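First up is the structure itself, then whatever we jot down about it.
All values below come from the heavy atoms of this structure, side chains included, with hydrogens, waters and symmetry mates left out. Because the structure is a prediction, the values reported are computed rather than measured.
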Number of protein chains: 2
Amino acid sequence: MPFDPGVPLLEHIATMLPSLRPSERQVANTVSEDAAFVVASTMAAVAEAAGVSEPTVMRFCTSLGFDGFQQFKLALAQSLALGLPSTLSAISAEDSVSELATKVFDHTISSLDRTRRYLDAVSLGAAIDAILGATSMTVAGLGASGVIALDVEQKAVLFGVPCSVPSDSHQQFMAAALAEPGQVFLVVSNTGSTSTILQIARRARDNGATVVAITGDETSELAGIADVTIAVKTFEDTDRDTPTVSRIASLVIVDVLATAVSLRRGAAHAARLASMKEQLAAFRRLT
Amino acid sequence: MPFDPGVPLLEHIATMLPSLRPSERQVANTVSEDAAFVVASTMAAVAEAAGVSEPTVMRFCTSLGFDGFQQFKLALAQSLALGLPSTLSAISAEDSVSELATKVFDHTISSLDRTRRYLDAVSLGAAIDAILGATSMTVAGLGASGVIALDVEQKAVLFGVPCSVPSDSHQQFMAAALAEPGQVFLVVSNTGSTSTILQIARRARDNGATVVAITGDETSELAGIADVTIAVKTFEDTDRDTPTVSRIASLVIVDVLATAVSLRRGAAHAARLASMKEQLAAFRRLT
DNA sequence: CTCGGGTCTGTAGTCAAACTACACAGACTC
DNA sequence: GAGTCTGTGTAGTTTGACTACAGACCCGAG
């Protein structure tokens, strides 16, 4: 059974732990406790650190689905590069500033990595096509998701369609009530179950607009309402207070959408953007 | 000279290229063209692919500052895990949706990695202390940086100080004109040279507020004005139309600040946040 | 309680790959 | 034009990954 690179390695080891032999578990513990040491060491050194023989280390690697120790070491090095998954490096009040920063960055990066792996190209493609064919786009998002909506507004020029971002739920609902076929309604909600947002999405869809949802839960009610659902898989933030990583992942998704739509619009669109950029640079200096 | 892991490896190779010997450059090209192959291969295979002898490959590794081929391979594997830097995987109109998504994510992830590496813990610590000791916080940012300002507003509860985010430049200037000692003025500007923002920052500082700058250019005029400057190093976005990656990096920095400040405020603050969270969850379902 | 089968773990050995010492070839200088 | 120095490949050595095998332990059955 070959190792699936889609699952973070240290997580994979934890999963496999029960099915490993006793001495192999000692190796697993050694790896979990100081992965950096293992990456830098030879098989003999790892064997000694774990208190077992070399072939046991070898067996540990093959049990995990690798061809050998070398391959395992390479995979371990790669998983370390993304930073330790949040589950393995909980944030505590005793952390120094630089530890804290490293942990938050690690967490964000490995979350983005996960989002990338679980991303559905078909849904993305459908969303891009919908925007390319739309007469206008309206973005709805409340609270934290409102930040994403504002980001879409910043990128409106890339999308190349009139793009409105009503700021509060009443304005968003009014826009949904006035929605027409040919319009795209981009609805952002991490939970996918905020009732206000659901009403807005439902109304927009009933009026014939194409509803594109960006949500963290693809089984949510919002996903059921939307014509196209883009799932944003991240690590859960149970111990954190604001869903920052999911917000950042959504921003990257919006970036993908904007880039794709802009590219598909062709050269004339690109030229207009370049011109806009120049004028903006001049404006920045003057005002 | 040991290799500095702070610089992405493939970039480092490109930098070192002129100082390499001709045959070593062939190795460098082979590595740049198909890094994944090199990671999976032995020294002999790489030597053959590059059309040189094994010791030349070895010399190439030592020239880059590594102890040997093994160490180089490990480092290469790690840099691959972060995705290829944008310079090596330019976005083109012919890309499929999934290629495009991968490239945008790769670019974002490796940019965040760079930001993390260049982050200055001292500045961050100074910013955290400033916010902890402040009576109130005002956030100023225009255009794309306005999104960051809005994100700070979302996290205001974490900071635990009254937090105002004037939406346009005139309101921001008025707030700066009314600034007093004890207040923190968080100024966000990627370029650090937008004249409006500079005037706002200068006025806030002259009125005695502590000015904390988040900027992409630590040599900018804004950095000179601010009491504390947090530099957000990312890859340059010359071929892209909106500075999305720098915006995302800044968001993560804000997340670090918010998390740190929140933790330092202690248990009572944490309890209030938990209570707020519960009430918000109920509100989401009802409205 | 003892005997047999099966599983687990370490010992010894082999092979391949990384690393090193050296010699030759080409180029540049004096 | 000769000498020296830089650059590159050849041949050899060593180390570490991988493999075959044997001993030890555990469990169940007689």
Side-chain angles (χ1 to χ4, degrees), chain A residues 1-3 9 13 16-80, chain B residues 1-3 9 13 15-32 34-80:
Chain A
M1 179 199 58
F3 171 68
L9 181 52
I13 292 176
M16 296 287 282
L17 210 60
S19 68
L20 292 177
R21 291 160 182 142
S23 63
E24 284 175 20
R25 274 180 225 173
Q26 291 186 45
V27 181
N29 288 334
T30 307
V31 172
S32 302
E33 277 164 26
D34 197 350
F37 161 77
V38 173
V39 168
S41 308
T42 72
M43 207 163 95
V46 175
E48 199 195 334
V52 297
S53 69
E54 294 189 34
T56 302
V57 177
M58 184 71 199
R59 273 188 281 268
F60 165 76
C61 296
T62 52
S63 295
L64 290 175
F66 292 97
D67 282 349
F69 181 68
Q70 303 255 34
Q71 223 184 69
F72 167 75
K73 236 171 73 173
L74 237 36
L76 188 62
Q78 294 203 332
S79 78
L80 281 183
Chain B
M1 179 198 58
F3 170 68
L9 183 50
I13 293 175
T15 311
M16 296 287 282
L17 211 61
S19 69
L20 292 177
R21 296 170 176 117
S23 64
E24 285 175 19
R25 273 181 225 172
Q26 292 185 45
V27 181
N29 289 333
T30 307
V31 172
S32 302
D34 197 350
F37 162 78
V38 174
V39 168
S41 309
T42 70
M43 208 163 94
V46 175
E48 199 193 335
V52 297
S53 68
E54 294 189 34
T56 301
V57 177
M58 185 70 199
R59 275 187 280 268
F60 164 76
C61 297
T62 51
S63 294
L64 290 174
F66 292 98
D67 282 350
F69 181 68
Q70 301 258 33
Q71 224 185 69
F72 167 75
K73 236 171 71 173
L74 238 35
L76 188 62
Q78 294 202 332
S79 78
L80 280 182

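Closest-nucleotide positions on DNA chain C for Ser41(B) and Ser23(A) were compared, and the one nearer the 5' end corresponds to Ser23(A). For Phe69(B) and Val52(A), each mapped to the nucleotide of DNA chain C holding its nearest heavy atom, the one lying further toward the 5' end belongs to Val52(A). Where Gln70(B) and Pro22(B) each meet DNA chain D at their nearest nucleotide, the meeting point lying more 5' is that of Pro22(B).
One interatomic measurement links the two molecules: CZ of Phe66(A) to C1' of dA17(D), which rounds to 16 Å at whole-angstrom precision. Computed from coordinates, the Lys73(B) NZ to dA17(C) P distance equals 10 Å when rounded to whole Å. Put simply, CE on Met43(A) is 16 Å from P on dA16(C), counting in whole angstrom units. Atom CZ in Arg25(B) sits about 15 Å away from atom C1' in dT8(D), given to the nearest Å. Rounded to whole Å, atom P of dA17(C) lies 9 Å from atom CD of Glu54(B). To the nearest angstrom, P of dT10(D) lies 11 Å from CZ of Arg59(B). Rounded to an integer number of Å, the gap from CD of Glu48(B) to P of dT10(D) is 13 Å. Note: CD (Glu24(A)) to C1' (dC8(C)) measures 9 Å, nearest angstrom.
A donor-acceptor contact shorter than 3.5 Å is absent between the side chain of Lys73(B) and the backbone of Ala40(B). Looking only at distances, a side-chain donor or acceptor of Arg25(B) sits under 3.5 Å from a matching main-chain atom of Pro18(B).
Aromatic pair Phe60(B)/Phe72(B): ring centres closer than 6.0 Å.
Listed nucleotides dT8(D), dG10(C), dT20(C) differ in distance to Pro55(B); the shortest reach to its side chain belongs to dT20(C). The listed nucleotides are dC8(C), dA18(C), dT8(D); the one nearest the side chain of Thr42(B) is dA18(C).
Taking the side chain as every heavy atom from C-beta outward, Gln70(A) and Met43(A) never approach each other to under 4.5 Å.
Here Thr56(A) reaches the OP1 or OP2 of dG10(C): one of its side-chain N or O atoms lies under 4.0 Å away.
No side-chain donor-acceptor contact under 3.5 Å links Glu24(A) and Thr56(A).
Contact annotation for Ser53(B): base contact, defined as any heavy-atom pair under 4.0 Å involving a base atom.
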